[in-house]
Amino acid sequence: MAKNSAKDIEVKAFATHQVITQPNPLRKVLRRVEEKDLDDPVARAEQALASLSGEFKDWMAIEAQRLYAAWTAVQNDGFTKKLRDELFRAAHDIKGDAATFGFPSAAGIAESLCRVIEHAPDLEKVPAELFTHHINAILAIVHENTRLDRISVSAELSRRLRKVADDYLAYVNRDRPEHLEVILAPSIAPAE
């Protein structure tokens, strides 16, 4: 980039300070567009998202199957580090994607499942039913989330599973205060 010469720089002196102004090199590459030709990147993004929305249910079904497969592997082989990580990643991906894909209750349940995996001192001692209820709830929401009455049921299911998971985690971590603060914090998953 070429440097400005001293003659291009304008200096205005005042009693208490100086204002130094140099030419803006971007003015040479900028072009004016008419009002009717203005680009709206947010509108373009929303339009692109709307065109993909028909595929969201399929994508969520794939993510739910991935979670189910990870849980099945854990049931068969136990909580190895690899299987624990895969179960956590599958739940975490659902937590992050579900609200965008139109399944906010699944996001809350997946967050609750992530918390159990992350904060239980010994995953082998966590009742299998706690995992199964979370995973079955996510599968049901993904496969049956089509009517408003089912959406309210799934929201209630999400709240109840979170409460059960939090109560369990508070109990098993009662001697680990560094975990209790995180466990008792409010949900970060988007609410409906």
Side-chain angles (χ1 to χ4, degrees), residues 49 53 55-192:
L49 197 58
S53 65
E55 300 178 36
F56 289 172
K57 187 167 176 79
D58 293 337
W59 291 344
M60 271 306 293
I62 291 167
E63 292 297 326
Q65 277 308 120
R66 184 173 145 228
L67 178 66
Y68 180 76
W71 174 237
T72 301
V74 166
Q75 288 176 306
N76 291 336
D77 302 329
F79 274 105
T80 65
K81 178 175 177 11
K82 179 182 175 188
L83 293 178
R84 176 214 174 271
D85 290 348
E86 178 55 29
L87 184 66
F88 180 82
R89 274 193 305 277
H92 194 270
D93 288 350
I94 290 172
K95 178 180 88 168
D97 295 341
T100 301
F101 293 166
F103 300 88
S105 295
I109 294 170
E111 179 194 23
S112 178
L113 180 57
C114 285
R115 290 164 51 84
V116 171
I117 296 168
E118 190 173 14
H119 296 292
D122 183 355
L123 290 174
E124 296 288 350
K125 293 182 181 176
V126 175
E129 294 82 15
L130 188 56
F131 291 107
T132 303
H133 290 316
H134 279 81
I135 293 164
N136 286 343
I138 291 169
L139 290 170
I141 288 168
V142 170
H143 294 294
E144 302 296 330
N145 193 20
T146 54
R147 294 187 11 223
L148 286 177
D149 61 332
R150 290 188 180 136
I151 292 170
S152 65
V153 168
S154 64
E156 180 61 24
L157 180 59
S158 177
R159 282 190 290 279
R160 287 186 183 191
L161 279 171
R162 169 68 186 246
K163 172 88 170 91
V164 169
D166 284 354
D167 289 349
Y168 173 79
L169 289 172
Y171 177 76
V172 297
N173 287 293
R174 64 190 177 279
D175 299 328
R176 300 170 67 201
E178 68 279 5
H179 286 272
L180 285 177
E181 183 179 337
V182 174
I183 291 165
L184 301 176
S187 174
I188 61 169
E192 292 192 61

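Atom set for the values below is all heavy atoms of this structure, side chains included, hydrogens, waters and symmetry mates excluded.
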Determine whether [X] and [Y] make a side-chain contact, defined as any pair of heavy atoms from C-beta on separated by less than 4.5 Å.
| X | Y | answer |
| --- | --- | --- |
| Lys81 | Arg84 | no |
| Tyr68 | Ile138 | no |
| Leu139 | Gln65 | yes |
| Asp97 | Thr100 | no |
| Leu87 | Phe79 | yes |
| Phe131 | Leu123 | yes |
| Glu63 | Trp59 | no |

Worksheet item: How about His133: does its NE2 atom have over 12 heavy atoms from other parts shown lying under 6.0 Å from it?
Response: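 Not more than 12 within 6.0 Å, no.
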
Discussion item. If you count heavy atoms of other groups shown closer than 6.0 angstrom to CD of Glu181, is the number above 12?
Written reply: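 Atom CD in Glu181 is not packed in, count stays at 12 or less.
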
Please find the pair of heavy atoms, one from [X] and one from [Y], that lie closest to each other, and give the distance.
| X | Y | result |
| --- | --- | --- |
| Leu83 | Gly78 | CD1-O, 3.5 Å |
| Asn173 | His119 | ND2-O, 3.0 Å |
| Leu67 | Ala91 | CD1-N, 3.8 Å |

Practice prompt. Let me see the working for Arg89 and Asp93 under salt bridge (Lys or Arg N to Asp or Glu O under 4.0 Å), right down to the final yes or no.
Written response: CA-CA 6 Å; Arg89 274 193 305 277; Asp93 288 350; over 6 Å; no

Item to complete: Test side-chain contact (heavy atoms from CB on, under 4.5 Å) on Met60 and Ile94 and set out the steps.
Response: CA-CA 8 Å; Met60 271 306 293; Ile94 290 172; 3.9 Å; yes

Worksheet item: So among Val172, Leu130, Val164, which one has a side-chain contact (heavy atoms from CB on, under 4.5 Å) with Val116?
Response: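 Result for side-chain contact (heavy atoms from CB on, under 4.5 Å) with Val116: Leu130.
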
Worksheet entry | Basic-acidic side-chain contact under 4.0 Å: Arg160, Glu156 |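 Result for this pair is yes, salt bridge flagged.
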
